[in-house]
Protein chains: 2
Amino acid sequence: MVNPIEALNKIFDSRIRLGVMSILIVNDSVSFNELKQMLELTDGNLASHLNTLEQADYLKVQKAFIGKKTNTTYFITDLGRQAFKAHLDALEKMIKGV
Amino acid sequence: MVNPIEALNKIFDSRIRLGVMSILIVNDSVSFNELKQMLELTDGNLASHLNTLEQADYLKVQKAFIGKKTNTTYFITDLGRQAFKAHLDALEKMIKGV
DNA sequence: AAAAGTGCTTTGTTTTTCAAAGTTAAATAA
DNA sequence: TTATTTAACTTTGAAAAACAAAGCACTTTT
């Protein structure tokens with residue numbers, strides 16, 4: 001038998017990063033503040049998890065002004081979408097005992 | 001919107017513990033050594049993760065002799081099955097954006 | 001001018017993860 | 001009978017990760 005956990009992505013061990021990806025995969029663009037409110041996190045904690053996902057090229061950032069307010073918006077990348085799906089597939093296979 | 005990650009079980013953040021549960025949910029009884037081989041872990045690492053799951057009453061242990069050899073076998077508990085399913089449900093809901 | 005909001009970074013503590021080595025007890029080989 | 005091996009841990013310690021809280025730069029609102 002092949003080790004069932006080796007196909008799981010370590011980056012997605014984190015509940016918070018899973019949450020971010022889940023939000024971004026259906027919403028296609030979400031601001032820092034929206035994420036913060038949805039996930040109920042402190043700024044620093046969110047920023048560091050976003051940074052981990054960014055380092056992995058799973059999401060990209062766009063800084064802009066909306067009206068006069070600064071706004072940081074996050075998008076999932078193709079690689080991120082791919083990695084997330086692969087992780088979910090691996091999870092499903094593992095659970096189903098394939 | 002309700003925080004999508006709060007229904008996730010922290011115990012299942014760990015890939016290894018997820019793996020153990022996935023194995024036990026379909027196999028109903030697996031020995032320490034089988035788990036060790038399937039998941040490719042060191043003794044200590046496996047023991048500590050099993051301990052975490054035991055503390056949570058997600059699995060129970062049975063020590064016995066099989067022939068003349070000592071054997072430690074792990075079983076999932078009802079609570080464990082329940083918690084695991086609840087976690088998977090929460091994951092699914094989160095991913096589907098419900 | 002003061003207060004508040006955005007989006008971080010920094011700092012430092014706590015928690016978690018893990019490998020490696022040590023341990024106990026039984027089994028088997030020499 | 002002594003030595004080795006196997007099973008299943010426990011202990012130790014190091015490294016990594018998670019997190020809250022505070023600080024900061026900048027802007028906007030009051």
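Throughout, a chain's letter reflects where its sequence line sits, starting with A, and its residues are numbered from 1.
- Ring geometry for Phe84(B) versus Phe12(B): interplanar angle over 60°, hence perpendicular rather than tilted (30 to 60°).
- The side chain of His49(B) contributes no N or O atom lying less than 4.0 Å from OP1 or OP2 of dT16(C).
- Within the structure, a side-chain polar atom (N or O) of Arg15(A) is placed less than 4.0 Å from OP1 or OP2 of dC19(D).
- The closest donor-acceptor contact from the side chain of Asn3(B) to the backbone of Leu39(A) lies under 3.5 Å.
- Distance from the side chain of Phe65(B) is smallest for dA26(C) among the nucleotides dA26(C), dC9(D), dA18(D).
- Contact annotation for Ser48(B): no contact, since no heavy-atom pair falls under 4.0 Å across all strands.
- Cluster membership for Leu53(A) and Val61(A), using ILVMFWY side-chain heavy atoms within less than 4.5 angstrom, is shared.
- Not a single donor-acceptor pair under 3.5 Å links the side chain of Arg15(A) to the backbone N or O of Ile5(B).
- Side-chain proximity of Thr42(B) to the nucleotides dT10(D), dA19(C), dC19(D) is greatest for dA19(C).
- Taking atom CD on Gln62(A) and atom P on dT6(C), their separation rounds to 18 Å, with Å as the unit.
- Of the two residues contacting DNA chain D, namely Asn45(A) and Thr70(A), the nearest-nucleotide position lying further toward the 5' end is that of Asn45(A).
- The residue among Lys36(B) and Lys10(B) whose nearest nucleotide of DNA chain D is located toward the 5' end is Lys36(B).
- Rounded to whole angstrom, the span from the CG atom of Leu39(A) across to the P atom of dG7(C) amounts to 15 Å.
- Within 4.0 Å (heavy atoms only), Leu46(B) reaches no atom of the nucleic acid at all.
- Between Thr72(A) and dG7(C) there is a side-chain polar atom (N or O) within less than 4.0 angstrom of OP1 or OP2.
- In this model, the phosphate group of dA18(D) is approached by a side-chain N or O of Arg17(A) to a distance below 4.0 Å at OP1 or OP2.
- Residue contacts shown for Asn71(A) are limited to sugar-phosphate atoms, with no base heavy atom under 4.0 Å away.
- Rounded to a whole Å, the CZ atom of Phe32(A) is 11 Å from the C1' atom of dT9(C).
- Side-chain N or O atoms of His87(B) include one that pairs as donor or acceptor with a backbone N or O of Asn9(B) at under 3.5 Å.
- Distance Asp13(B) CG to dT16(C) P: 10 Å, rounded to the nearest Å.
- One interatomic measurement links the two molecules: CD of Glu40(B) to C1' of dA19(C), which rounds to 15 Å at whole-angstrom precision.
- Counting any heavy atom pair closer than 4.0 Å across all strands shown, Leu41(A) reaches no nucleic acid atom.
- Rounded to a whole Å, the NZ atom of Lys63(A) is 14 Å from the P atom of dT27(D).
- Rounded to an integer number of Å, the gap from CD of Gln55(A) to P of dA16(D) is 15 Å.
- Using a 4.0 Å cut-off, no side-chain N or O of Asn33(B) falls inside it from OP1 or OP2 of dT6(D).
- Contacts of Asp43(B) with the nucleic acid, taken as non-hydrogen atoms under 4.0 Å apart, include base atoms.
- Across the protein-nucleic acid pair, Ile16(B) atom CD1 and dA17(D) atom P stand 14 Å apart, rounded to whole Å.
- Results of the side-chain contact (heavy atoms from CB on, under 4.5 Å) test with Leu41(B) over Leu46(B), Leu35(B), Val20(B) single out Leu46(B) as the only residue that passes.
- Ranking dT9(C), dC9(D), dA7(D) by closeness to the Tyr74(B) side chain, first place goes to dC9(D).
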